[in-house]
Structure formats: structure tokens, C-alpha cells
S.K.: 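Mind having a look at this structure? Questions to follow.
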Amino acid sequence: MQNIKLLITARKSGLFTHMEYNFRQIERKWQEHWVKTGAYKVSNNSSKPKCYVLDMFPYPSGAGLHVGHPLGYIASDIYARFKRLKGFNVLHPMGYDAFGLPAEQYALETGQHPAVTTEANINSFRSQLDNIGFCFDWDREFRTSDPSYYKWTQYIFLQLFNAWYNRHANKAEPVETLVRIFEADGNAHHECPGDRQIRFNADEWNQFSYERQQEILMEYRLAYLAYAEVNWCPALGTVLANDEVVNGVSERGGHPVIKKKMRQWFLRITEYADRLLEGLEKVSYSEAMKDMQRNWIGKSQGAEIKFNIAGSLDDIVVYTTRPDTIFGVDFMVIAPEHELVERITTSEQHEAIAAYKEYVQSRSERERMAEVKQITGCFTGAYAVNPFDGRKIPIWTSEYVLAGYGTGAIMAVPCGDQRDFSFAKHFNIPITNILGDAFNGEEANPTKEGKLFNSDFITGVEMKEAMNLVVDKIENLGIGKRQINFRMRDAGFSRQRYWGEPFPILYRNGIPEALPEDQLPLELPHVENYRPGEEGEGPLANVTDWVNLPAAAGTSLRRETNTMPGYAGSSWYFLRYMDPHNDQAFCDRKISDYWGQVDLYIGGTEHAVGHLLYSRMWTKALFDLGFIGFDEPYKKLVNQGMITGSSRLVYRVRGTNQYVSAGLKDKYDTDELHVDVNIVDGVELDTEAFRQWRADYSNAQFILEDGKYICGTLSEKMSKSKFNTVNPDMLVDKFGADTFRMYEMFLGPVEQSKPWETKGIEGVHRFLKKFWRLFMDEQKGLIVKTGEPTADELKTLHKTIRKIEEDTERMSYNTAVSAFMVCVNELTDLKCNKKAVLEQMLVLLTPYAPHVCEELWQAIGNSGSVLDASFPVFEEKYVVESTKEYPVSVNGKLRTTINISLDASTEEVHQIALSNEVIQKWTDGQTIKKIIFVPGKMINVVI
RNA sequence: GCGGAUGUGGUGAAAUUGGUAGACACGCCAGACUUAGGAUCUGGUGCCGCGAGGCAUGGGGGUUCGAGUCCCUUCAUCCGCACCA
């Protein structure tokens, strides 16, 4: 009795704390130690090879972290720690994408300044991250909303504003070089990317007014102004994100949303389309990711063809990828927004067209593309003339043709295109068959293989050949030309919002000019409210003394009132981490030369096209302009899968406050309700906690099965409204950061989406306790012994080294965790407590469970940190086997296994297999046709 | 509509190059120790069948001595689509 008391006292005093796995104490101790010793500080000067491991930085939302967020961070953290053990100088930073719409929404609702709420969100975010034990170098942290950061975002924007894309040199160049070209040659050799109609010679250029020259230069700049439509909600007086528009009305309030043209900034990313495609060959992204980007860029080869309009001086220019089908054109379709619609509509059709255009105004682009079942359109009354056979072709307008793609007009070939076919059927337009038997009249046949019919001079010609013949003829006739098109459009870069980077632009008498560099950063002014300005302008328009600057009499000087979009700051942030405190440059060139590309970039697929393409484009532009020495930002990209929530459901008997267990619910008429996953153990509801959860459940009655209330389950996106979010803090508190880290990895492959299930975490926790017990006994304390390991122990160790090294390198962390489990199970069975083995195990496990490894590393007598140990070296000699348990099949069906020496010759193996009892039973009386023997793998007897 | 991904036990999954399907865990069942157990340990656990054995990787077909893996076809689910980040 007395002894027990002593023991308890001793435990409380901390004397014996090292005997049991007290993860709370261990983790706090080492986290503090790492901060104190600057264990994760990274130097820009090192003789070691570099490795740059980056996470897509988070937007600090008010909702806090749920278990889905840290998945990628843990994966990259393990990789960074592994590389450090392998002798690399590893850059592994973290920061915040802190500008964004949600903070502004929140400000509108509550009046709190976005800077204040963002700060609070970041603080809670940070403490949640700190819990998990990441090896980020926090000295390099920044926020995109820091003026010291966005100064450089503005600076880079100005570089883009001051640059144009030289298609001959295939790179961006300063606008001054373009001016010199214009002065000498006009634009004869440099087609205007913004407007192909603009042509002038040197004399004309030199005689243009300043305003005209600036207008023309604008059509060349990489960052330029143009008119584009936004979602305008007159009732709210604001411009809405696509996100905020649902079924044509505003999400908040349900007010109608229409399109409104506004002058906005764009980035001329289309000039980089080809290089963005080619660059994909040089980087290691998943094929799926590359496909998505290729598809987004959407390069297509085709032709532009000009059709005369009957009885009019106007032409209609269409873009087609199938010039070979020119004789199958039965109608034309132009986008409702196309300027030609007004001009060619006949007076009889005028009213119908006006009504149709109004209908289209209310439709989102998404809706227009997605709802193909519902066919809409309107005849303009005008006809085009087929230049080859003179046929008169009706011109329609329909929402399925988008103004922004190609020329905004198509020639419709119903027998070869399903949408055209459906349209023709719907409006009873006669269909010409140019495919012969390949067209059945039931559906279009979009094939590019085969011969053409009913097609004048290309009848009987293979389609692919016909394409060239037609385009040659078009070019000869001067009515069209070959044309490469991209689905990708230039990137809209203006937001009519407050919480973003202000544009470093001044309008002098309406003409934009760059703010002088020494005036950067242009700081976001403080505002009292976040309401939009007039006519959809951003809230900055209300800050009149900020917007309007003193100017000479008769002139005006105004600031830009829009702000930059979310992706501005994230397009180049990976460069800033290299040199985050530099106030002379966004990143010193020597330093970016040292760190170079990001070696491993981890983030979600939701950024597959947006962020990644913009960031790739900025990198290429900065490369072209000589700021950095590489033109692809991310060498290798890994997309972590989404962790879906596993919701729990209860079934309320309709009209009562009675809840029936899942197994019995079919006997009642019930309503399904989401219940907080945190009051459910597995699928068993804690009924008491349920009663206390919300007032309306306080006197809930339950219909149980086997004395338990079993919940239904449903896998869906994690969200607060579904009560299926799980907070990592709670799990770290209950099981420790090491367990949490390993469990997240154990769930399944990093790249794969998977549902979260808290229950399984105990298995990983048990593993760590079991690992701990190889070193520590609760009574005896440290039990690690010296002495030579046995052959079996070395075999287990080296098998594990090989597996962990391979799996960690290819980020197969789930299999690595199970390899650790197998290893600890084996060492436990072998009763191995030898230091020579366990010490190496600590190094292997450190990237996954850094806290417990540091603690044990110290406990077994090391003075330094395990972070600086070097990764164990695998030795083949410890794992060689002399025999193999061969599976032996008869006709491919496994019948037995036989242990055979690996040295045995083919003849010997055949002999052994055929003389085996079981095999004889299955081959009895049959002729052996052949025996397949794959050394080291298997044996198959064929009869 | 376009594009992408995923379908394997009750659950998460493994099988790296076409070669023993279900490793490792969760859960479940039985047992040991214990005043107690949400601790620890041992054994069992794909399905059908008493058994021999048969059947099994969303469904159907094919290639192969051999298919979760390759080919064709089909179904289902999830994600993205340019102003959410």
C-alpha cells in the first residue's frame, strides 16, 4: 500500500513520467524546445543540395481547421523532414493568402474590418497548426495583405503593364522596345493581339495623338484594360461572384442579376498559351492534371471563313475546326451578344430577337453550356451565302454559341455535330447529308475518319485531306485562313471589391499610367463601410479624397478603384519565401538562383487550372523579363485528395420527438436529420449527449435496437451545416500530434479522396504505445540494451529501412505506416530491445512522429536532436533469402505452396512441383501440356 | 454539356513491372489478466458449404498458362468549369 502511494507521488512529481507514453507532456516539451533552439530555421547559404517543399498556402477562413486541411501539410512535412535526414537543405515555409471575398462579406454583415477578422483567423489558424508539430520556418511567414508583401505584387503588376509579348522572340519584352519598333516600322510585323484590325505604318504611328498611341499600346500590354461583362445585381448595387449567383438571382436576397459591361484589367495569358502547353512536358504533374490544363487551354486548329450576307454589305466570319464539312452547312449561329445581330435582323424578326436577347441576359454562361436539353434560339431573318455552292443559309442566334470563343459565330453542320443536329431538329431546319451511309438521320456522326459525299469538289475525298483542300481554296479566294484558337481567355484581373491589392495605376485625364515605383506600396485606405460605389464600382470609389488627386487646372488625376483578385498574391508567393524580408527586390536574384523551382508542391485539385496557370504565366513573364532564372514554378505537383465528412443521421418519427435506430427505421415514417458526429461513437449515438445538444432534443425519446441507438451514415463534403466536421485540436488533445499525423497518413493514399472516420485512430495510437514499450517499461523504465542484433532482428530492421525509404520517397505514406506497424509487431515478437536496432528505427520514424522520436532519442543517451541524424543505410546482405514459398497453380488455380530453394534449376523445380502430393491429385491421369515457372514468383502447371 | 477522378470484406485500405487478392488497421467474435476497463495480451474473422470444394476486386465481354492490374463496353458515385479561395 505504501509502495503504491510512493509510486503515485513519484509520478505526480514527474520523476517517472518518462516511463509511460505521456504524449501531452512530451509534445509540449519538444515543441517548446524546437522554438527555443530555432530547430527549423533555414539558411539561404548552404553547401548542401537544396530542396524546396511547398504547401499551397491557406486562406484563413473563420471556420478554423477541420481534419481535411492538415492532410497536405502533414504529407509535405514528412517529406521535408525526410529530405533533411537525407542531407538536404530544405525550405519548407508557410504563410497566408489573406485577401479575399469571405472576409469582406463578413465585414458587410458585421461591420468588422477585414484586417481585424483576418488577423484573428490567422491567429487561431496558427495555434491549430502549431499543435500538429510542423517543421515550418516561421521566420519566413508573410500575408498577401501585408503592405510589405503587396508592394511587390503591385510591382510585378507594373512589370506586366509595362510589357508586351513579342511573338517572334517568343517572350515578353518591355513596352519601350515596342514603341521603337512602331516608330521604325509600324506594326506590320507585329499583329495587334487585342485587335487584329489595327494596322499602321511608321508615319501613321508618329502622327497619332498621345491618346491614340496609348490606346494602341494598351492592345499590346500584358496587363491591359478592356471591357467585359460582370454579374451586376441592381438591387444590391453590387457586382457578384459566380459563386454568389444561383439560378440567375443573387444568393443573398434572391434579386435578379444581369450582365453589365465594365472597364476592367486583364492579363494577356493567351499570349502564353503555347508555352503553357509546352511547359507541361517539363514538369511532373499527374497526367490528369496536365489533361485538365490542356483542356482548359483548349488549343484547336481550324479556319476562319467569311460568308457574305445576302442583300447586305456585311460579312459573317465563322470559326470552324471542320472546314471539310463546308457543304453540309445548313444554318449559321451567331452569339446573341454579337454586334452583327442588331445589324442583320430583319424588321419582321426584330421583336422576337429583342425578346430572345433579354432572355439570354438572365442566363449564366454555365447554364448556357450545361442545359443542352432545352434548346433555345431565334431566327434573325437574314441569310448567308455559301461561297462554294451559293446556297442561301439561314442565320440564327442561340445561346449555345458564346461570344468570347472563336469569332462568336459558327457554321452549323447538323449531320456532323450533335448540338447542331438537335438544333436543326428542334427548329425543323432541313439537314444535308454529306456522310453517306455514315449518317443515319437519328443522330449526328462527328467522325473525322472517312470519305465525304455530296460535297462538290471534295466528294470522295478523305476528311483529313479535304480539310487542307478547303482551307487552301479559301485562302486563295481570300475569304478566310487557317486559324489556331484557344478556348482559354485572357484572365480578368479586376474585382469591384475592397479587400484586395489596390492597383498602382493613375488615370490622367482618363489615360492609365503606372504609379512611380518609389510610391509603392500604394496602401489600401481605411474605409468606414464596405458598400460598393456607384454603378458597380468598388467600395474604394467612395473614398473620394483618396481617389481624386490634385491636378493642374483642366486636367484630372484619379486612382483606380478596383482591386486585384485573389490569385494576384498567390501567383508569385513561392518566390517571396526565399527572401521574405527583402525591401529592395521581391526576391534577390542570387537567392532565387539558389532555391530555384519548388521541388515538391502539394495542394488540392481545385486549383488545377486557375491558380496553377496564372502562377505558371507570372513565372514565365518574370523569367522573360530577367527577374528569375527558370520559367516553370513547380517541378513536381501532388494533389491531395479531399477528406469527405462522414455524416451521422438520426431518424425522427414524423410529427413526434421520437427517434428510431437505423435498423428499425423502415417500420416507421421518418425524417432524416444530421447529428453532430462528435456525439456519436462509431455509429452508436450518445443519447444523453444528444438530448443536451440542442434544446428541441432535450426530451427526445429513443427506439433502440439491442439497447443501442445506431445512426445512419452518409459520406459528403465536410461542412458545419452537416455537423460532420472534426476538429484536429480535439484529436491532438486526446491522442497526441504524433498519432494524429500518422493516422491522417494511414487513412489512404494522399492523392485519393476518402471519408474521415475518427474511430480508426486508436489503432495508430496503440502502435505508438507499442513502439514506446520497446524502449520503456512502466515499472522498470528504460529497457534498451546494448549488444549485437541477431540475424532476424537485422532482417526486420533492413526490410523496414528499404520499405520506408522507398515509400517515403514516393509519398506512399499509408503503406509506410503499415510497414512500421509490421516492424514493431515483429520486433515485439522477437523481444528486441537492442539499441543498435531501435536507434535506427527512431530515425526512420522521425518524419512521421517527430515528438516521440526526439524524446526517445534523448532517453537512449543522445545529446543532439534526431532531426539532425542521418537516414539509415539499407544493406542488402541482411535481407537475402535462400528459399521461397512458391505458389503452385494448376491451370491458373492455386492449389498449394511449396518451399523451394532459390538456387534450384528449372528442371529441379518442375520435378519438385510434379511430385507434390496435392499437385498429383489435381493432375492425376492428365497430360501435362507445359509448366510455367517464373523464378522467384510462381509455378503454374498447365494440363 | 465539357473535363477529371473513383468503384476490392461490415469499414479505411494493400497488392510498386500481368504472377499467392484482402497486407496493415478499425469493427466484430471468443478467451486471458484484472476490484474495474474506453488498459494490455492471445486466437479467430471475405462470402457460400458439414466437408471436399466452389464463388469473389461495380456489371457484361475479350486477350493470356495466369487479369484487381491490359483491351472493348456498360452502370454508379464524387469533384471542377474562368469573380470562392
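It should be emphasised that the depicted structure is a prediction, and the values quoted were computed from it without experimental measurement. Numbered from 1 within each chain, the chains take letters A, B, ... in sequence-line order.
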S.K.: Assign A/Arg766 to base, sugar-phosphate, or nothing according to its heavy-atom contacts below 4.0 angstrom with the strands shown.
M.R.: sugar-phosphate

S.K.: Which nucleotide, B/A21, B/A85, B/A82, lies nearest any side-chain atom of A/Leu894?
M.R.: B/A21

S.K.: Please report the distance separating the P of B/C47 from the corresponding atom of B/A56, rounded so that it comes out in whole Å.
M.R.: 16 Å

S.K.: In terms of side-chain heavy atoms of A/Val934, which of B/A82, B/G19, B/A14 is nearest?
M.R.: B/G19

S.K.: With sugar-phosphate meaning primed atoms plus P, OP1 and OP2, does A/Pro58 contact a base, only sugar-phosphate, or nothing at under 4.0 Å between heavy atoms?
M.R.: nothing

S.K.: What contact category does A/Gln496 fall into here, base, sugar-phosphate, or nothing, at under 4.0 angstrom with non-hydrogen atoms?
M.R.: base

S.K.: So if I take every side-chain heavy atom of A/Arg489 and compare against B/A82, B/C83, B/A14, which nucleotide ends up nearest?
M.R.: B/A82

S.K.: B/C81, B/A14, B/A52: which one has an atom nearest the side-chain heavy atoms of A/Asn814?
M.R.: B/A14

S.K.: Between A/Glu762 and A/Leu101, which is nearer to the 5' end of RNA chain B once each is assigned its nearest nucleotide?
M.R.: A/Glu762

S.K.: Please say which of A/Phe746, A/Tyr848, A/Tyr813 ends up in a ring pair (Phe, Tyr, Trp, His ring centres under 6.0 Å) with A/Phe820.
M.R.: A/Tyr848

S.K.: Between B/G54, B/U20, B/A13, spot the one nearest the side chain of A/Thr897, thanks.
M.R.: B/U20

S.K.: Examine B/G4: is either OP1 or OP2 under 4.0 Å from a nitrogen or oxygen in the side chain of A/Asn639? Give yes or no.
M.R.: no

S.K.: Where the side chain of A/Thr815 is concerned, which of B/A14, B/C83, B/G27 is the nearest nucleotide?
M.R.: B/A14

S.K.: Would you mind classifying the nucleic acid contact of A/Asn940 as base, sugar-phosphate or nothing, using non-hydrogen atoms under 4.0 angstrom?
M.R.: base

S.K.: Ignoring hydrogens and angles, does a donor from either the side chain of A/Lys754 or the base of B/U11 sit under 3.5 Å from an acceptor on the other?
M.R.: no

S.K.: Once you apply a heavy-atom cut-off of 4.0 Å, does A/Glu885 come out as touching a base, just sugar-phosphate, or nothing?
M.R.: base

S.K.: From the options B/G19, B/C83, B/A25, select the nucleotide whose nearest atom is closest to the side chain of A/Met821.
M.R.: B/A25

S.K.: Base, sugar-phosphate, or nothing for A/Val764, non-hydrogen atoms under 4.0 angstrom?
M.R.: nothing

S.K.: With a cut-off of less than 4.0 Å, is there a side-chain N or O of A/Lys759 near OP1 or OP2 of B/G38?
M.R.: no

